[in-house]
Protein chains: 2
Amino acid sequence: MDEPRWLNETEMAAWRGFVAATNLVARRLERQLKDDAGLSHTQYEILVQLSAAPAGSLRMTDLADRLVTSKSGLTYQVTQLEKAGLVARRSCPSDVRGVFAELTEQGWQALRAAAPGHVAAVREALIDVLTPEQLAALADTLGTVADRLRAADA
Amino acid sequence: MDEPRWLNETEMAAWRGFVAATNLVARRLERQLKDDAGLSHTQYEILVQLSAAPAGSLRMTDLADRLVTSKSGLTYQVTQLEKAGLVARRSCPSDVRGVFAELTEQGWQALRAAAPGHVAAVREALIDVLTPEQLAALADTLGTVADRLRAADA
DNA sequence: CTCGTAAGGTTCAAATTTGAACCATCCGGC
DNA sequence: GCCGGATGGTTCAAATTTGAACCTTACGAG
């Protein structure tokens, strides 16, 4: 029952800013992607992660770790993308239990088509609003935070 | 059909960090609040916003703007909180259409009970991981981002 | 005063998300 | 070789979220 260490003014400002910016940016991009490409941000992220992986494919668990969703959420979204023809499931040769999600040709196309608009939106909402110094600091700071939390989860 | 301005390395790192940190922190706090206080982060935020407002009450629209949810989402959550007895609805004297959400005594108690654990989690996930300089910069940077986006929405 | 439009909230159906339960397979130790 | 606990994914029901449609009330221009 220790007295909690409340946040001081700067800390509070950082926290409020974090929450607000987080939600506002997410909301903004969600809408942009849905309107322009018919994809949710989660779905777009799946395509991005796959495109960055060798052979455009990743194990489900691996993919779930890179995005930050539950396993069941990923199953659902991959199924959606599969129905849409952007992703295909392949079984893993070395482990019968394993499943690869793989970008289809159509998936590559969808990603290429969606990327420019998305990048523009990211710039407008976040990147181009900041100075290069702020960006560098932000990258460093949030990178630290993300790494710590990932490590803590493991 | 202009060639899009892709993100350079720093920009990309900032963006990836933002997305990752955002999701990881949200996930972490969501769980902490649910486990320790039986509240979702959205619900907790509603209590916080109300507690910070005069008379512990706000108009629905006003509240929806401060959180970053849809109107219907807010209606839903306020209804949940009302069922739980933490919030009450009152009609607005000056505008028949208006509705005030007001913190009940029980709501104040719930907030006081939940706050210490939540603050501790926020510190652990974000605040205490950073140096004072990083925090100050983060507050400034994200404040800017949030303000711009709010302005853009208006 | 009167109309047309904007604003405030709620309702509704549809899409997502989540954790727990579950099934099958894998692997290290004995 | 064989057992018991971890792993990989899916399924399921329940909770949440969202945008659009809707109803009622405000309010400013004529």
Side-chain angles (χ1 to χ4, degrees), chain A residues 22-24 26-46 57-84 87-102 153-154, chain B residues 22-24 26-46 57-84 87-102 153-154:
Chain A
T22 273
N23 289 326
L24 287 163
R27 199 175 186 63
R28 176 63 64 115
L29 293 182
E30 196 70 51
R31 170 128 51 151
Q32 181 272 319
L33 277 171
K34 192 63 85 182
D35 288 350
D36 295 353
L39 295 169
S40 69
H41 191 229
T42 305
Q43 293 174 334
Y44 182 82
E45 275 300 306
I46 291 176
S57 76
L58 281 174
R59 289 286 291 274
M60 294 295 277
T61 297
D62 208 342
L63 189 47
D65 286 342
R66 303 193 189 207
L67 312 181
V68 186
T69 18
S70 58
K71 287 189 301 176
S72 52
L74 180 62
T75 293
Y76 175 77
Q77 284 300 172
V78 166
T79 302
Q80 296 309 106
L81 288 171
E82 200 170 22
K83 284 182 193 164
V87 162
R89 274 185 236 248
R90 274 194 314 110
S91 54
C92 173
S94 66
D95 185 339
V96 186
R97 299 168 304 174
V99 172
F100 276 106
E102 183 181 50
D153 282 343
Chain B
T22 273
N23 289 326
L24 288 164
R27 199 176 186 64
R28 176 64 62 116
L29 293 182
E30 196 70 50
R31 169 130 50 154
Q32 181 271 321
L33 278 171
K34 191 65 83 183
D35 289 349
D36 296 353
L39 294 170
S40 68
H41 191 228
T42 305
Q43 293 174 333
Y44 182 82
E45 274 299 306
I46 291 176
S57 75
L58 281 174
R59 288 286 292 273
M60 292 295 277
T61 298
D62 208 343
L63 189 47
D65 285 341
R66 303 193 189 207
L67 311 181
V68 186
T69 17
S70 58
K71 286 189 302 176
S72 53
L74 179 61
T75 293
Y76 174 78
Q77 284 301 172
V78 166
T79 302
Q80 296 309 107
L81 289 171
E82 200 170 24
K83 284 182 192 164
V87 162
R89 274 184 236 248
R90 274 193 316 110
S91 54
C92 173
S94 65
D95 184 339
V96 186
R97 298 168 306 174
V99 173
F100 276 106
E102 182 182 50
D153 283 343

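All values reported here derive from a predicted model rather than from experimental measurement. In what follows, chains carry the letters A, B, and so on, assigned in the order in which the sequence lines appear, proteins first and then strands, with residues in each chain numbered from 1.
- Partners of B:Glu30 according to the side-chain hydrogen bond (donor to acceptor under 3.5 Å, both in side chains) rule, which considers only residues two or more places apart in sequence or in another chain, do not exist here.
- A heavy-atom distance below 4.5 Å is found between the side chains of A:Asp95 and A:Arg59.
- Projected onto DNA chain D by closest heavy-atom contact, A:Val99 and A:Arg31 fall at different nucleotides, the more 5' of which corresponds to A:Val99.
- Residue A:Arg59 places at least one side-chain N or O closer than 4.0 Å to OP1 or OP2 of D:dG9.
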Could you walk me through whether B:Ser40 and B:Gln77 pass side-chain contact (heavy atoms from CB on, under 4.5 Å), step by step?
CA-CA 10 Å; B:Ser40 68; B:Gln77 284 301 172; 4.3 Å; yes
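- Under 3.5 Å, the side chain of A:Arg97 and the base of D:dT7 form at least one donor-acceptor pair of N or O atoms.
- Looking at every heavy atom in both residues, B:Arg27 comes nearest to A:Ser70 through NH2-N, 3.6 Å.
- Axis angle between the ends of the helix from C:dC1-D:dG30 to C:dC30-D:dG1, five pairs each and rounded to 10 degrees, works out to 30°.
- A:Ser40 comes within 4.0 angstrom of nothing in the nucleic acid, heavy atoms only.
- Here the CD atom belonging to B:Gln43 is positioned 8.0 Å from the OH atom belonging to B:Tyr76, to the nearest 0.5 angstrom.
- Computed from coordinates, the A:Asp62 CG to D:dT7 P distance equals 15 Å when rounded to whole Å.
- Within residues 68-79 of chain B, the residues that have a heavy atom under 4.0 Å from DNA chain C are, in order of number, B:Lys71, B:Ser72, B:Thr75.
- Remark: B:Arg89 pairs with B:Thr79, B:Glu82 by the side-chain hydrogen bond (donor to acceptor under 3.5 Å, both in side chains) rule, at least two apart or across chains.
- Using a 4.5 Å heavy-atom threshold, the side chains of B:Leu74 and B:Ile46 count as touching.
- Proximity of A:Phe100 to A:Pro93: side-chain heavy atoms (C-beta onward) are separated by under 4.5 Å at one or more points.
- Annotation: side chain of B:Val68 is not in contact with side chain of A:Thr22 (no heavy-atom distance under 4.5 Å).
- Where DNA chain C meets chain A (any atom under 4.0 Å from a heavy atom), the bounding nucleotides read 5' to 3' are C:dA15 to C:dC26.
- Legend: residues meeting salt bridge (Lys or Arg N to Asp or Glu O under 4.0 Å) with A:Asp62, ordered by chain and number and at least two apart, are A:Arg66.
- Across B:Ser57 and B:Arg90, no two heavy atoms sit closer than the pair OG-NH2, 4.0 Å.
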